[in-house]
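To start, the structure itself, in structure tokens.
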Protein chains: 2
Amino acid sequence: MRSATPAPRERPHSATTADARGGGKAGGDGTVRGDDVAPGDDASRGDGSRVSGGRAGRRPVTSAAELERHALMIFEERGFDATTVDDIAAAAGIGRRTFFRYYASKNDVAWGEFDAHLETMRAGLAATPPDVPVLPALRRAILDFNTYPAAEADWHRRRMALILRTPALQAHSMLRYARWRAVVAEFVAERTGRGEGALEPQAVAWAFLGVAIAGYEEWLVRARADLIPILDRALGLLVDGLERSL
Amino acid sequence: MRSATPAPRERPHSATTADARGGGKAGGDGTVRGDDVAPGDDASRGDGSRVSGGRAGRRPVTSAAELERHALMIFEERGFDATTVDDIAAAAGIGRRTFFRYYASKNDVAWGEFDAHLETMRAGLAATPPDVPVLPALRRAILDFNTYPAAEADWHRRRMALILRTPALQAHSMLRYARWRAVVAEFVAERTGRGEGALEPQAVAWAFLGVAIAGYEEWLVRARADLIPILDRALGLLVDGLERSL
DNA sequence: CCCGGTTGTGACACCCGATGTCACAACTTG
DNA sequence: CAAGTTGTGACATCGGGTGTCACAACCGGG
């Protein structure tokens, strides 16, 4: 889901991209930050064969996933705040302006294709048998939502560590969380026959979001632990009642 | 707590402040946004009497509270994003740079003296009799924390509406919430004998934060409702157990 | 093989939030 | 009045984000 690198082609006329500095009214001397990295270290195709799937127009130079990889590595190496968009763009071999066509902001890179993933949770909740009570249904759906193939576990951990430990990203994540909560609230509203904006669905959504994040933070602290059991314990606090669990 | 306007004095040599535009290398034509508003509409003292409390140095031209008032009004009128820091500074009759000496960012204006207020909650929790169970103690403390004098109710509503409905502020608020959660978690940790960073204290803090915000949102929707009963109902969801309340 | 339509990129120009620096204003105390 | 202290304003600079426009690269069809 995360590695769909499009068919790579060799880059003709790539001479200009080295000095790809956007913005900056400053007529200065250049301040070349990133070095001229090849856009992808994937296997390069020798011939100029046409592999395009009948799609019109110029082929993308990179992909959102590849940008995300570059960005995450630089973030980890230099820190999120100290990394400029130009750094990421240069590392990916694209211009600054192009970066913003893949991601709306520097913050958004960290979350990748969260929204698409979220849709699967919505669908999963909608498909829950009606005889499963609301809270256990949520518990199950949230666990599923956060279940990743083992191969991606390390990647996921690094991504979440970045998100949950960088203040700017913590803040920005609120907007993602809002959509996540909307999905949960929608389900609770439908199940309990209340309006989606009513207190109970919203409160439940908030509460589940909160304990889930607490679970994530616990997971990040425990070096080699599995996420799911911890998350399950956190969700259990709500499902079984806080009082009984303290 | 919020209205401590310092003794106003007439402003000598105020001629320059009209064109108080900071930054901007642009040698453009000016783009004068805010009009030259008087810094405070409070009663002006005629004589130049010395009322200072023995404090050395130049007296502040304005105050954080006054800036907050100006800012909130402009935000409501023009929208948060469309309001520039220069607008606020101009309205308050100060320079842009001076604004940032009162508040670290445009976002921070909205929250005012939240941190100071938070300390009282910490103290209140610490002073809770040990025979009161954890969850009811939290419920009580949170209600107290959000109890404002009736005179400030409208002000508080407007402030929270701004915060909870402006994406940029929603995001930024995460950082305030983190400190709020830390206070709650500290209390729970002490009561339950766990580490402050352990899963349960953090989860409880998150959950209470969440339902409290849900309560606030409900309050904002209901035009003339009181905050406290709604908030109490939201907190009750956790204290009494989610399941029993759905 | 050129031609128009489509899609992606790069350069340029700007806006605005935020920060460091420094000179100067205003006030207190001696 | 001089010296020390505190607040303010102007200047310069950085970096994220956006609109615009020309151009590149690919498609199909004539």
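Below, all heavy atoms of this structure are taken into account, side chains as well, without hydrogens, waters or symmetry copies. Each chain gets a letter, A, B and so on, in the order its sequence line appears, and its residues count up from 1.
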Between [atom2] of [N] and [atom1] of [X], the distance in whole Å:
{"X": "B:Asp81", "N": "C:dG17", "atom1": "CG", "atom2": "C1'", "result": "12 Å"}
{"X": "A:Arg97", "N": "C:dT9", "atom1": "CZ", "atom2": "P", "result": "12 Å"}
{"X": "B:Asp86", "N": "D:dC11", "atom1": "CG", "atom2": "P", "result": "13 Å"}

Within residues 211-221 of chain A or reaching into it, pairs that qualify as side chain to side chain donor-acceptor pair (under 3.5 Å) - sequence neighbours excluded = A:Asn146-A:Tyr216, A:His156-A:Tyr216, A:Glu218-A:Arg222
ask   = Where the side chain of B:Arg58 is concerned, which of C:dG10, C:dG8, D:dG7 is the nearest nucleotide?
value = D:dG7
task = Tell whether A:Arg96 reaches the base of D:dG15 with its side chain through a donor-acceptor pair below 3.5 angstrom.
result = no
note = Sequence neighbours excluded, the answer for side chain to side chain contact (heavy atoms under 4.5 Å, CB included) partners of A:Ala205 is A:Arg181, A:Val184, A:Ala185
ask   = Do B:Thr98 and B:Thr62 come close enough that some side-chain heavy atom pair is under 4.5 Å?
value = no
request  = Report yes if a side-chain nitrogen or oxygen of B:Arg59 is closer than 4.0 Å to either non-bridging phosphate oxygen (OP1 or OP2) of C:dA26; otherwise report no.
outcome  = no
key: Neighbours of DNA chain D within residues 99-108 of chain B, by heavy-atom distance under 4.0 Å   = B:Arg101, B:Tyr102
task = Go through the structure and list residues passing ring-ring contact (aromatic ring centres under 6.0 Å, His included) with A:Phe75, not counting sequence neighbours.
result = A:Phe80
Solution key, residues 161-170 of chain B side-chain donor-acceptor pairs under 3.5 Å, sequence neighbours excluded:
| from | atom 1 | to | atom 2 | distance (Å) |
| --- | --- | --- | --- | --- |
| B:Thr166 | OG1 | B:Leu162 | O | 2.7 |
| B:Gln170 | NE2 | B:Leu164 | O | 2.9 |

Pairs satisfying salt bridge (charged side-chain N to carboxylate O under 4.0 Å, His left out), at least one member in residues 98-110 of chain A, at least two apart = A:Asp108-A:Arg176
